[in-house]
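Count residues from 1 along the sequence.
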Amino acid sequence: MFASQRKSRLRQQVEILGCMYAGYGAMMISRQMVTILSPALLADESLGFTVKDIGDILAFSTLGAMVGKIIWGPLADKIGGRLTFLAGIVISALLISVFGLQSRTIALIFSSALLYCAKSAGWPGMTKIVGHWYHPSTYGRVWSILSTSSRASVALGTLLFGWLLSLFDWRTVAFLSTGFSLLIYLICRFFLHDKPADSDFLKMVDEVGAGDEAKQKESAWALENQRNHPLHGTTLIQGVWIFARSTRAWLVVVMLMALTCAMAFLDFVPAYLMEVFKLSPSKAAMASSVMPIGSLSGLLGSILFYDKFSKIGLRNVLAATLAVATGCILTLKNLPALGLAAEWNFPVALVLIVLFGVMTSPAYYIPMSIFSIEFGGPHSATLVCLIDMFGFAASAIFGLIAGRLATGEGGWSSFMNLLIAVGAMATISTWLFMQGEHKAAEGMKA
């Protein structure tokens, strides 16, 4: 009987995980289409686009994502993760076709902003679903897997739709993206469920297994905290007020602001490669897939290690990886001064961009997601959206400044200086946040 229950439980968890993986991937491809199409927009003489215009589109799109966070977070806490998640897939799929119909800059900006707003439903929807379906001791593994959806879809989508740009015009490629995402929506519509029917679903087996006693105690406390969370019974306003008074919440906000700006480098990679290394729009779009491939590799490693580290161990590992990421950008900026043969500059640049993605992604995706479920409880979707809002605000400012720096007197060298400063801030703020989580865990044990 127990073996049958466990098998059924695992099957359900795999199905739910698969739906979230595919659905979020579809939303990410829809969102990434703006970046994938950017080299073709620059090459379309009828549009008269520059890198500055691309930066403006990305900046205002980020503002659209912020508006989406205000809408989708509280909505997910109210109507559940499933409906929120499905709405995000179908609306973002349709909006990429709307983007493909536009010819004026203001219309492209507006439709892209709406697209980013719709895509914002993905993470709060998954936050609610993960909290219902998975044991706290597996949060790191689950979020690592889900985060690979973001990176894998961007990498594969960039390669596929970048290749399609060599066969079709950019508008046709946008329409093809819509069809792909709607197919994923239909699959998720039938197999995704909001929460288990069994109220004791997460207690059916011991998730911790033969781990050390400290981890078993911490996991047991986390599960109990999930079921009898201190914020149960509080209103949305009360929950937000509690978040606003929490030092831990503000530490994760600062951390994510820096990391979101660092990850925004991806939006500029196609234009950077095209202008610095004189590539065609199609080749630049395809070559830019190296960063999401690197991010994917970093998250695959996180599946294996994240749940095994203590808070203090995670503090050291994540801070070290971000220090390496900052070093990659510093080296990329000074690549011409290294005296390499001309034919080596481009391959070395791609390796550095890959390594930057590897080192940045674990800190960007996982700690904030786990914190939102554990600290936010019934308001977890709202909390994850509030944190994301600050990150997007920082990214919007970064987009406006970075686009102008890249087209200014200093060119891409000035852009890299800004990115180096962002990397240093991300390293320091991540160390401080994880140190705070370590102290909170020690206080819990006491």
Side-chain angles (χ1 to χ4, degrees), residues 8-28 68-69 71-92 118-150 152-153 181 184-204 207 222-223 225-227 229 231-232 239 299 303 306-307 365-388:
S8 175
R9 185 192 67 116
L10 291 175
R11 178 185 57 78
Q12 289 176 309
Q13 287 181 322
V14 169
E15 287 180 355
I16 297 299
L17 191 62
C19 286
M20 289 191 291
Y21 196 95
Y24 193 71
M27 281 186 269
M28 279 301 301
K69 295 298 180 182
I71 297 171
W72 294 112
L75 190 61
D77 284 326
K78 186 172 183 63
I79 68 174
R82 178 180 180 272
L83 290 178
T84 303
F85 191 74
L86 291 176
I89 299 173
V90 70
I91 297 173
S92 60
K119 184 264 167 191
S120 294
W123 214 258
M126 290 194 300
T127 298
K128 300 302 293 184
I129 295 170
V130 170
H132 288 310
W133 281 93
Y134 302 93
H135 194 281
S137 66
T138 65
Y139 281 164
R141 188 185 317 152
V142 170
W143 280 117
S144 295
I145 293 171
L146 290 176
S147 298
T148 65
S149 170
S150 168
S153 61
S181 294
I184 298 298
Y185 164 77
L186 291 176
I187 296 172
C188 292
R189 175 72 176 77
F190 290 102
F191 291 98
L192 185 66
H193 303 288
D194 196 43
K195 61 179 66 175
D198 183 356
S199 60
D200 284 333
F201 184 80
L202 296 178
K203 286 189 173 181
M204 289 170 62
E207 293 281 0
L223 182 57
N225 184 65
Q226 177 180 322
R227 292 183 171 278
H229 198 277
L231 297 187
H232 281 317
L299 291 167
I303 295 173
Y306 200 95
D307 288 322
Y365 286 103
I366 306 172
M368 179 270 289
S369 302
I370 296 175
F371 173 80
S372 297
I373 295 176
E374 294 182 343
F375 189 78
H379 307 298
S380 58
T382 298
L383 178 57
V384 81
C385 284
L386 288 174
I387 297 170
D388 262 345

**Prompt:** What heavy-atom pair brings Y365 and S147 nearest, and what distance separates the two atoms?
**Reply:** CB-OG, 3.1 Å
**Minimum-distance pair of heavy atoms, taken over all atoms of L146 and M20** = CD2-CB, 3.7 Å
**Request:** Name all residues meeting the side-chain hydrogen bond (donor to acceptor under 3.5 Å, both in side chains) criterion together with Y185; count only those two or more places apart in sequence or in a different chain, and write none if there are none.
**Result:** none
**Request:** Decide yes or no for F371 and L383: does some side-chain heavy atom of the first lie under 4.5 Å from some side-chain heavy atom of the second?
**Result:** yes
**Request:** Would you name the heavy atoms of A76 and A381 that are closest together and state the gap between them?
**Result:** CB-CB, 3.7 Å
**Prompt:** Hey, what do you get for OH (Y306) to CG (L299), rounding to the nearest 0.5 Å?
**Reply:** 11.0 Å
**Request:** Check Y134 against Q13 and note the closest heavy-atom contact, atom names and distance.
**Result:** OH-O, 2.7 Å
**Item:** Pairs where residues 10-24 contributes a residue and the test salt bridge (charged side-chain N to carboxylate O under 4.0 Å, His left out) is met, not counting sequence neighbours
**Value:** R11-E15
**Request:** Taking the side chain as every heavy atom from C-beta outward, state whether C188 and R82 have any atom pair closer than 4.5 Å.
**Result:** no
**Item:** Validation row: V142, Y139 side chains within 4.5 angstrom (heavy atoms)
**Value:** no
**Contacts of S181 that satisfy side-chain hydrogen bond (donor to acceptor under 3.5 Å, both in side chains) - sequence neighbours left out** = S30
**Set of residues satisfying side-chain hydrogen bond (donor to acceptor under 3.5 Å, both in side chains) with respect to D77, sequence neighbours excluded** = K128, T382
**Prompt:** Of all residues at least two apart in sequence or in a different chain, which pass the side chain to side chain contact (heavy atoms under 4.5 Å, CB included) check with I71?
**Reply:** V67, C117
**Prompt:** Hey, what do you get for OG1 (T127) to CG (D388), rounding to the nearest 0.5 Å?
**Reply:** 8.5 Å
**Fill in**
Here the pair of heavy atoms bringing I145 nearest to Y21 is O-CE1, 3.0 Å
**Request:** Supply the atom-to-atom distance L17 CG to I129 CD1, rounded to the nearest 0.5 angstrom.
**Result:** 10.5 Å
**Item:** side-chain hydrogen bond (donor to acceptor under 3.5 Å, both in side chains) involving W123 - partner list, sequence neighbours excluded
**Value:** S369
**Message:** Give me the atom names and distance for the closest heavy-atom approach of A121 to G88.
**Reply:** CB-CA, 3.7 Å
